[in-house]
Every structure is written in structure tokens, then in C-alpha cells.
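Here the structure comes first, spelled out in C-alpha cells, and everything after it is commentary.
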Amino acid sequence: MSASNPTPSGGPLVEGPRDPEHDVTASYALEPDYVARLTARILATSGESKEARSPLNGAPLAHIPQSTEADVDEAFARARRAQEKWAATPVAEREAFLLRLHDLVLDRQQEILDLIVLESGKARKHAFDEPLHIALTARYYGRRSREILGTERRAGVIPALTRVDLNHVPKGVVGIISPWNYPFTMALCDGLAALAAGNAVVAKPDAQTMLSALLGAQLLEEAGLPKDLWQVVAGPGSKIGTNIIERADYICFTGSTQTGKIIGKQCAERLIGCSLELGGKNPMLVLADADVERAAEGATRAVFSNAGQLCVSVERLFVADAIYDRFVERFVARTQAMTLGATLGWDNDMGPLISQDQVDTATAHVEDAVAKGARVLAGGKARPDLAPYFFEPTILEGVTPEMTVFGNETFGPVVAIYRFHSEDEAVERANDGEYGLNASIYSRDAERARRLASRVKCGTVNVNEAFAASFASIDAPMGGMRQSGMGRRQGSEGILRYTETQSVATQRVLRFSPMLGLSEEAYAKVMTASLRVLKKLGRA
Ligand code: NAD
């Protein structure tokens, strides 16, 4: 591993003091002015701050000002004022803003990547997914919002005489509560659709990754988003998150199933809508006719991208008996060949986890499995010699239902591999458990894989790809079935969730009461006869 200190962006980085404890890890620091400009975007008057450290080396990165309930109040007041004007702005102008953001994010890519890697520890190649996802999302809603949000005509009750127009009216101010694992895209992507629909946003990113989210807010402004439409507050989820839910017109939450259930109840109490993008225990099925090398490559990315801290990453791998041994040999070889590192450069295949909590969960899951008889085919232990929170890419075999790792999300670089004998059995085992976020199927017969996909209870299924094909196809809705969530991001679903559907019915000539001297009884007869005629004419 390199101990040099390349600063790929030439941007906001300065070389920090070397960390004596983790000498293999280069030490980075951020220019104080750069940090101050970012953190000034948080509406925070408590006078308190929370230190953020880099998982690359444990070195301090920034002090994050903390918000109070009064700050959340102020954030909503500002957002509401700004939203009234924004809702009256032509959708074409909102689209133009998103297309400018697209270009800006691509232009400022290296700076974005530096910040993501510094804050989250992930390998640069996995950080790259984030600006890419934002650019794709900005382009999609930058090109499709007018069409999706445009007023629609629906059938009126009396053909030609009742006209119905359907408007998609913005909800108002949307609260966005986001996690740390994809700190740039998770903080921004859902909000782009909310803005395109004419809403304002109050965002509470995860405390561990505020800087990436703040850079996102800065780029929105640089792309021309009017002042005050995007507010950022900071603080503990249970406090500041709850303050947001108490004031918002809609909540978009991404995080754990446990927190999602609390948020769902709080939203129900206020009768506001929410979308909940939650956890998973995602399966990959490798069918007997799969291209083994391609499947092994895909499995390596599906399991170890962002060190497994990815909602759609694979934690259960089901492989057909006929190719099991060959597949395991190739998957283990690829896993053992991975470059592990905690630097800003492009060379690493996997970086450290984000926190000691994450390492503790991975360690507990592996130790429990091994104690109950599972075998470790690769990895299996923490590597504090590489960085404070490193855990090796780990493959387990012989996992059984008594083991914690069998059905519980590790959210780390740990996968259990199982043999199956028939495709019915594979589908049944893939559907076992409570989650239903993402699945992957490898087969040379894509048609057959797609037929099998329709039987898998997951919101997205990728054929001959790990997860990127569905996630990066922004026209495709993305979200979970069962305990993996409610609602969908992306596609028309991803923007319409931020609107109220309003039906405007205009009545011409005839009114809905007796006319021309008809009695109520005669009117009822005419209406009854009309209904029979309309059915005969095939009207809905
Ligand atoms: P988490 O639920 O602990 O935290 C997520 C966010 O919610 C953070 O901003 C946190 O501060 C906030 N929060 C915590 N408690 C809250 C409360 N009571 N009220 C309001 N807000 C609260 O999740 P995490 O452990 O940080 O993130 C990892 C989890 O997120 C994993 O389970 C992962 O699968 C899931 N995830 C899902 C998706 C998806 O799209 N389905 C994407 C990324 C992560």
C-alpha cells in the first residue's frame, strides 16, 4: 500500500501531519477556510459543535455546528417563503437548473471524490458512483419533469361535457433524512426530484458525513438554485430528525428499517406521506448456465463495493450445484486479489468501514457464525494495521439459520455462500426472510433469468449485473418490498411522490340536477338509461 499523499483534485486538501499510530496511512487535512465555508451553510445557533474524523486515519476533519429546534423552525420558515415563489416558476426553469447542476457536478468531480473518500473512507472508484448518480438523476429530471408533471386529461363522467384536468401540485416543504453510506448522492438525489416538482427541502444528513452533503448544497446554489430553497440542519437523528418530521409536508427517509418504522409511525400521526428506503439482505442467484468468470466478477462488486456498506449490496450468494466449486474457486481468488487501502488514490478495491460500530457488527457476525460451525473461505477479521476501521472482505460457507449473519443485515464486507439444487429452491431461499430490496441473477439465458426475476420478492432485480444496471437507470423506480421500505425513488414515481394529485373538473351545458322541467324521478330515469348506454359503448 502506498504511503504517499497524492491529492488528485489539487483542490481543498493540504497535507496533514503523519499519523504515528497508522503509519501506512497517509494523513490528509482540509483547508480551514474551505471547511468554514461549507459548515457556514448549516443553520445552527446552539454554539455547540461535533468533531468529525476521517475513517482513513482517524484524524480530525472538521467541527460541525449543531442545530437547535429553533433553527429547524427557522429553516422551515425560510424554506416556506422560498417555496411559494419556486412553485410559481415554470418547470422548464427548474429543468434548466438541473441541467446546469449536471455539468457542474461532472466538472467538480475530483473535489467531490476527495471529500467523499475523506469522510467515508470508501475506495475512490466506489466514491465515483456518487457524482455519477447525481449527474444521471439531474439529467433525467432535467429532461423529463415537464412531461411527467404536465397537466393530464382524464375521462369526465359525461363524454364531451365533463372535462377533467389532473394537476400535480407540489407538497410544500419536504424533509430529507439521509444516511452516511453514500453521503453525497443520498443527501442530494431525492431532493432533486423534490425541487423539480416545485418543493423546498430541509435536509438532515447523517452526522458522520456532513461535509459531502454541504458541498452538495453549495453546488445547488452555484448551479443557480434560488436562495433558501435548500436548508441544511445538523444534529442527532432522534432529536433534529423528529423536529423535521413535526414540521414537514412530506418525509423522504433513507436508513435502517428500525429507524424507518419509527419515522413511519410519526408521519402517520401527522397524516403526512413518506417514502422509506430501508435495509436489505440481498440475494444473488448464479444459475447453472451462468458465465462463471463474469458471475465471480459481478459477485466481487456486488458484495464488496463500498466495503458492503451499500443498501443494494449482496450478502447471500446462492450458486447452482453444477458450477458451485468452480464459482467458489474464482470468487475466492478474486476476493483475495483485492487491493485494500486507505488512501485517496484510484488503486484501492476496498477501503475501511466508516466507524468502529460497523467493524464491531461485522466482527460479531463472523465470530458468531464461526463459533456455530461456519467456515471462512476468505478474510474474516479486522485489520487495524491498515486503518482504524478496516475489515477484510469475507466469504463464509456453511451458514445456518441459528447464526446471526443468516438473516440479519451486516452492512459490511461479509457474504454467506450457499449451494442450491433446483431453481425453485433457489427462489424460495432468496425469498426467505423479511427484506426485499435488491436481487441479482446470473445466467447465459437472460429470458429465463427475467422469468425467474418476476418470482423474486425484491423491488429491483439485476440480470447479469450486480446492482448498477437498475440503480443507474434513473427511469427505473427503485425501492424495497416488505421490510425494505415503502415508495420508490427514481422514474416518474420518484417525482410524483412529492406532489398532490389535484383533479379539476369543468362541467359544460348539462348540470347534475334536473333541467328543462324534468322531475327528480324522470331525471333519475334519464341518468340510469345513460349509464346503460355508456356501458354498451364500452366506456370505463
Ligand atoms: P439510521 O437509520 O441509523 O440513520 C439514517 C439517518 O436517520 C441518519 O441521518 C440519522 O441521523 C437519522 N435518524 C436516526 N434516528 C432517527 C430518528 N429516530 N428520527 C429521525 N431520524 C433519525 O441508518 P444507518 O445505520 O446510519 O444507515 C445504514 C442503513 O441504511 C442500512 O440498514 C442500509 O441498508 C440502509 N440504507 C438503505 C438505502 C436504500 O436506498 N434502501 C440506502 C442507504 C442505506
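First listed ligand is number 1; within each ligand, the first listed atom is number 1.
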As an exercise, identify every atom of ligand 1 less than 4.0 angstrom from a heavy atom of [X].
X      : value
Trp180 : 24 (P), 26 (O), 27 (O)
Gly237 : 11 (O), 12 (C), 13 (N), 14 (C), 16 (C), 17 (C), 19 (N), 20 (C), 21 (N), 22 (C)
Thr254 : 5 (C), 37 (C), 38 (C), 39 (C), 40 (O), 42 (C), 43 (C)
Phe253 : 2 (O), 5 (C), 6 (C), 7 (O)
Asp206 : 8 (C), 9 (O), 10 (C), 26 (O)
Asn181 : 43 (C), 44 (C)

Quiz item: When you measure from atom 39 (C) of ligand 1 to each heavy atom in Ala187, Cys311, Gly479, Ser484, which option holds the nearest one?
Solution: Cys311
Self-check item: Gln258 atom CD, over 12 foreign heavy atoms within 6.0 Å
Solution: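 Check fails, neighbour count at 12 or below.
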Quiz item: Is it true that Arg301 and Glu297 make a salt bridge, defined as a side-chain N closer than 4.0 Å to a carboxylate O?
Solution: yes
Quiz item: For residues Gln356 and Asp360, is any side-chain donor paired with an opposing acceptor at under 3.5 Å?
Solution: yes
Quiz item: When you check the side-chain N and O atoms of Asn438 and Asn462, is any donor under 3.5 Å from an acceptor?
Solution: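 Yes.
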Applying a strict 4.0 Å limit to heavy atoms, is [X] in contact with ligand 1?
X      : result
Gln309 : no
Ser238 : yes
Gly480 : no
Tyr182 : no

Self-check item: Contact partition for Val312 relative to ligand 1, non-hydrogen atoms under 4.0 Å
Solution: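 Near ligand 1, Val312 shows nothing, with every heavy atom at 4.0 Å or more.
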Quiz item: Less than 6.0 Å separating the ring centroids of Tyr418 and Phe318?
Solution: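 Between Phe318 and Tyr418, which both carry aromatic rings, the centre distance is below 6.0 Å.
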Practice problem: Determine, using ring centers only, whether Trp180 and Phe411 are less than 6.0 Å apart. | Solution: yes
Self-check item: Shortest protein heavy-atom distance from atom 31 (C) of ligand 1, along with the residue and atom involved
Solution: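 Minimum-distance protein heavy atom for atom 31 (C) of ligand 1 reads Glu409 OE1, 3.5 Å.
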